[in-house]
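The first residue in the sequence is number 1, and the count goes up from there.
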Amino acid sequence: WKNLTMDEKKALYRHSFCQTFAELKAPTSEWKFVWAIVIAFLSVTCWIYMFLRNCVLDAMLAPTITRDHQRAQIMRMVAQRQGLVEGVSSQYDYEKKEWKKPIWKE
């Protein structure tokens with residue numbers, strides 16, 4: 001090593017390690033690629049969510065979720081006198097055939 005000049009030592013170092021410490025620590029543009037992947041993943045996820053919400057889930061909804069079916073179910077419960085003490089039927093006046101207080105908004 002003592003017989004080598006500084007340029008020869010640098011050339012051997014460059015041949016062995018390919019980068020200096022300053023070149024190794026220099027910022028790269030890799031973060032841009034990572035952010036592009038993250039944003040692309042999020043946008044694809046949003047598109048899949050919108051597709052599932054608009055196309056798949058609408059077709060899968062049961063008819064029991066509609067307001068008309070819920071009202072019919074409540075009226076069947078009243079007709080069968082289910083929950084006379086604390087349930088739905090306790091809110092119904094059987095003599096006047098109307099609700100004591102409104103249970104749903106029109």
Side-chain angles (χ1 to χ4, degrees):
W1 282 103
K2 292 183 181 181
N3 295 336
L4 295 175
T5 64
M6 186 59 83
D7 292 334
E8 291 172 338
K9 289 180 184 179
K10 286 182 182 179
L12 281 174
Y13 180 84
R14 177 67 82 174
H15 180 69
S16 298
F17 296 108
C18 298
Q19 284 184 332
T20 63
F21 188 71
E23 290 172 347
L24 186 65
K25 289 294 183 180
T28 62
S29 61
E30 183 181 3
W31 65 272
K32 295 176 188 176
F33 179 72
V34 171
W35 272 109
I37 295 294
V38 168
I39 290 172
F41 178 75
L42 288 176
S43 67
V44 167
T45 304
C46 288
W47 280 106
I48 290 173
Y49 170 75
M50 288 189 297
F51 171 75
L52 289 176
R53 185 171 176 219
N54 292 331
C55 298
V56 176
L57 293 180
D58 284 346
M60 292 175 49
L61 290 179
T64 56
I65 294 179
T66 62
R67 287 273 188 215
D68 294 334
H69 189 275
Q70 289 175 352
R71 287 184 181 142
Q73 181 68 23
I74 289 174
M75 293 312 292
R76 275 192 298 275
M77 291 171 68
V78 167
Q80 294 172 354
R81 296 183 181 260
Q82 293 180 3
L84 280 174
V85 178
E86 293 181 355
V88 174
S89 295
S90 67
Q91 302 295 319
Y92 191 75
D93 188 358
Y94 286 95
E95 294 173 359
K96 296 180 183 177
K97 298 199 186 276
E98 63 183 24
W99 294 100
K100 293 178 183 174
K101 60 181 179 180
I103 62 170
W104 59 66
K105 295 180 181 178
E106 295 296 330

Please answer whether the main-chain N or O of [Y] pairs with a side-chain N or O of [X] as donor and acceptor at a distance below 3.5 Å.
{"X": "S89", "Y": "Q82", "value": "yes"}
{"X": "Q80", "Y": "M77", "value": "no"}
{"X": "K97", "Y": "Y92", "value": "no"}

Tell me whether the count of non-hydrogen atoms from other residues, nucleotides or ligands lying under 6.0 Å of [atom1] in [X] goes above 12.
{"X": "Y94", "atom1": "OH", "result": "yes"}
{"X": "M50", "atom1": "CE", "result": "yes"}
{"X": "K100", "atom1": "NZ", "result": "yes"}
{"X": "E30", "atom1": "CD", "result": "no"}

Point-to-point distance, once rounded to the nearest 0.5 Å, from [atom1] of [X] to [atom2] of [Y]:
{"X": "T5", "Y": "K10", "atom1": "OG1", "atom2": "NZ", "answer": "10.0 Å"}
{"X": "Q70", "Y": "T64", "atom1": "CD", "atom2": "OG1", "answer": "8.0 Å"}
{"X": "Q91", "Y": "E86", "atom1": "CD", "atom2": "CD", "answer": "10.5 Å"}
{"X": "R76", "Y": "Q73", "atom1": "CZ", "atom2": "CD", "answer": "4.5 Å"}

Do I37 and W31 belong together in a cluster built from hydrophobic side chains that touch within less than 4.5 Å? no
Side-chain heavy atoms nearer than 4.5 Å, only ILVMFWY residues, links allowed to pass through others: does that put V44 and V56 together? yes
Can you pull out every side-chain hydrogen bond (donor to acceptor under 3.5 Å, both in side chains) where at least one residue sits in residues 39-53? Sequence neighbours excluded, please. none
Transitive ILVMFWY cluster of F17, excluding itself - 4.5 Å side-chain cut-off: Y13
Less than 4.5 Å apart, side chain to side chain, heavy atoms only: is that true for W99 and D93? no
